[in-house]
Number of protein chains: 2
Amino acid sequence: MSQRESSYSTKELVNQLLKDIQQGVIQGADGQLPTEPELMKQYQVTRYTLRQALKNLANLGYIYQAHGSGTFARPHHVEGAISLQNNVGLTAEMARQGKIVKTTGISQRIVPLSKAAFVPESQKLAQDTELISVIRQRTLDDEPFLVEHSYYLKSMVGEIPDSALKGSLFAFIDQKPGLKVGFIDSVIECEMITGTPARFFNLADGSPSLVVRDDSYLSSGKLFAFSKIFYDFRKTKFFMLKKMH
Amino acid sequence: MSQRESSYSTKELVNQLLKDIQQGVIQGADGQLPTEPELMKQYQVTRYTLRQALKNLANLGYIYQAHGSGTFARPHHVEGAISLQNNVGLTAEMARQGKIVKTTGISQRIVPLSKAAFVPESQKLAQDTELISVIRQRTLDDEPFLVEHSYYLKSMVGEIPDSALKGSLFAFIDQKPGLKVGFIDSVIECEMITGTPARFFNLADGSPSLVVRDDSYLSSGKLFAFSKIFYDFRKTKFFMLKKMH
DNA sequence: CAGTGGTCTAGACCACCTG
DNA sequence: AGGTGGTCTAGACCACTGC
């Protein structure tokens with residue numbers, strides 16, 4: 001761990017603690033971390049900030065806190081799995097595991113809602129709502145991995161430059177002034193696929209696929225996009241940590 | 001909303017707020033809830049307790065808070081979906097939606113780890129660890145829904161009476177003194193099934209299934225069970241809310 | 001600029017685990 | 001009994017939104 005002049009914000013403390021945990025410089029041989037009073041002193045933060053940071057790390061699966069016993073580092077995650085709770089984006093998350101996500105196929109066009117292949121799960125929009133339809137094929141370590149079909153509400157996000165389509169569309173939206181992503185409703189299911197997705201994965205029509213349906217909202221609560229992502233079921237595992245209380 | 005003598009705990013406040021939101025007695029026509037100072041006054045709690053409760057409700061998808069604008073009720077969840085974040089158990093969650101989960105087939109036996117059909121994702125145990133193997137077939141509204149194969153560490157949970165096998169094994173564990181469930185690692189994937197699960201679902205060998213692999217830990221951090229649940233992919237949707245920040 | 005939720009401080013007391 | 005994390009109080013200041 002390192003000393004600092006100004007005090008840590010929760011976010012900074014999360015990053016610093018994570019670094020120190022991964023380098024093994026704060027936990028003992030049994031994985032136990034210092035007590036909260038000691039961590040408060042070491043990192044010069046109040047208990048509130050410390051506990052916010054520890055809660056974040058627990059939600060990400062890096063530590064757990066046992067009432068009456070102490071705080072402990074956890075052995076690492078399931079290999080190759082995609083965290084459902086993590087929100088750094090797919091590319092960044094895979095990069096952490098040394099894997100590379102590339103976008104190999106893109107198409108963009110404008111359609112009215114009435115012509116969309118699917119609609120949001122829990123929201124009604126006018127039939128003539130203008131949508132930007134984006135279909136992307138993406139690979140993981142140069143092998144077919146997913147087909148993503150997204151609809152963005154044109155009235156909310158404006159134009160999407162081709163340069164933004166190759167990387168994280170999510171980051172592009174978040175950067176625009178006045179557009180802050182708030183939350184995403186996800187539905188995970190298993191569906192038979194045909195046509196383009198099946199061919200991209202080199203699977204027969206009628207093969208299964210792990211499918212994630214997302215409805216994306218701004219922090220203001222307004223829907224700005226909805227999408228459907230087809231994953232190659234042979235290469236995909238989703239991971240999450242459920243906490244009891 | 002109702003008046004109370006003693007002040008609410010966070011958990012009680014969550015339940016009370018949820019009731020008041022679902023009955024529509026606190027939000028306006030546009031779904032906006034009173035401001036935090038007003039809610040503090042109405043429910044006689046401090047801001048800390050109130051915000052803990054609101055955070056819980058937001059994580060469950062019932063409300064969202066928009067910085068600078070206010071707190072709003074959200075339209076309801078995806079029909080028939082199983083929340084990945086909810087921890088009341090499958091039976092109770094389905095009951096909320098008016099659906100009934102029954103256990104139709106049970107088998108229990110003792111096996112060593114070396115004979116288990118699968119092992120925990122991220123933990124090594126001795127090959128001779130004694131396990132209680134439990135296989136259960138469960139229906140949703142009297143139609144085949146899932147096949148669950150669980151292994152419990154005998155040294156930790158002791159005997160499991162037949163009476164406990166019909167309902168929530170989870171609740172049975174949690175009730176035993178000294179056994180408090182802490183967290184569960186879940187991995188979701190899509191897998192081809194054959195044999196018993198396929199026949200239970202009336203599907204051909206090689207049909208897909210939505211599979212959830214759980215590793216269950218006590219609050220002390222010790223693994224006490226691991227399981228694999230096969231869901232009929234035609235009837236299963238998982239739901240979760242991802243929050244950004 | 002007024003009003004909203006978001007972050008942080010400082011401190012008290014409670015509940016749980018271990019010796 | 002002593003030490004751990006969990007909950008709660010009371011209050012300050014910051015950041016964002018909308019008029």
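Residue numbers start from 1 in every chain, and the chains themselves are labelled A, B, ... in the order their sequence lines are given, proteins ahead of strands.
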#### Entry: Separation of atom CG in B:Leu50 from atom P in D:dT7, rounded to whole Å
16 Å
### Message
Starting the side chain at C-beta, find the nucleotide from D:dC8, C:dT7, C:dG5 nearest to A:Tyr48.
### Response
C:dT7
### Message
Test: salt bridge (charged side-chain N to carboxylate O under 4.0 Å, His left out). Region: residues 60-81 of chain A. Which pairs qualify, not counting sequence neighbours?
### Response
A:Arg74-B:Asp185
### Query
What residues form a side-chain contact (heavy atoms from CB on, under 4.5 Å) with B:Gln108, not counting sequence neighbours?
B:Ile132, B:Val134, B:Ile160, B:Asp162, B:Leu165
### Message
Expressed as a whole number of angstroms, how long is the span from B:Leu13:CG to D:dT7:C1'?
### Response
13 Å
### Task
Output yes when a side-chain donor or acceptor of A:Gln97 lies under 3.5 Å from a complementary backbone atom of A:Met94, and no otherwise.
no
### Query
For the side chain of B:Thr49, counting heavy atoms from C-beta on, which of D:dC8, C:dC8, C:dG5 is nearest?
D:dC8
### Message
Restricting to side-chain contact (heavy atoms from CB on, under 4.5 Å), what partner residues turn up for A:Asn59, sequence neighbours left out?
### Response
A:Lys55, A:Lys243
Would you give me the side-chain donor-acceptor pairs under 3.5 Å for residues 60-70 of chain A, sequence neighbours excluded?
| residue | atom | partner | partner atom | Å |
| --- | --- | --- | --- | --- |
| A:Tyr64 | OH | B:Ser220 | O | 3.3 |
| A:Gln65 | NE2 | A:Glu36 | OE2 | 3.1 |
| A:Gln65 | NE2 | A:Thr71 | OG1 | 3.0 |

### Message
List the residues meeting side-chain contact (heavy atoms from CB on, under 4.5 Å) with A:Lys176, not counting sequence neighbours, and say none if there are none.
### Response
A:Phe172, A:Leu179
### Query
CD of A:Gln65 versus P of C:dA15: gap in Å, rounded?
18 Å
### Query
How close or far is atom C1' of C:dT18 from atom CG of A:Asp30, stated in whole angstroms?
14 Å
### Message
Whole angstroms only, please: what is the OH-C1' distance between A:Tyr64 and D:dG6?
### Response
17 Å
### Query
Where along nucleotides 11-18 of chain D does protein come under 4.0 Å, by heavy atom, of base (B) or sugar-phosphate alone (S), with - for untouched nucleotides?
-B--BBB-
### Message
Between A:Arg138 and A:Thr103, is there a side-chain donor-acceptor contact under 3.5 Å, judged purely by atom types and distance?
### Response
yes
### Query
With A:Phe239, which residues qualify under ring-ring contact (aromatic ring centres under 6.0 Å, His included), at least two apart?
A:His77
### Summary
With sequence neighbours left out, the residues meeting side-chain contact (heavy atoms from CB on, under 4.5 Å) with B:Lys228 are B:Phe118, B:Glu191, B:Val211, B:Arg213, B:Phe230
### Task
Examine C:dC8: is either OP1 or OP2 under 4.0 Å from a nitrogen or oxygen in the side chain of A:Thr10? Give yes or no.
yes
### Separation of D:dT4 P from A:Phe72 CZ (nearest whole Å)
11 Å
#### Entry: Spacing between B:Lys41 atom NZ and C:dT4 atom P, to the nearest angstrom
13 Å
### Query
Can you tell me how far P of D:dC8 sits from CD of B:Glu12, to the nearest Å?
9 Å
#### Entry: Stretch residues 51-59 of chain B: residues that reach within less than 4.0 Å of DNA chain D through a heavy atom
none
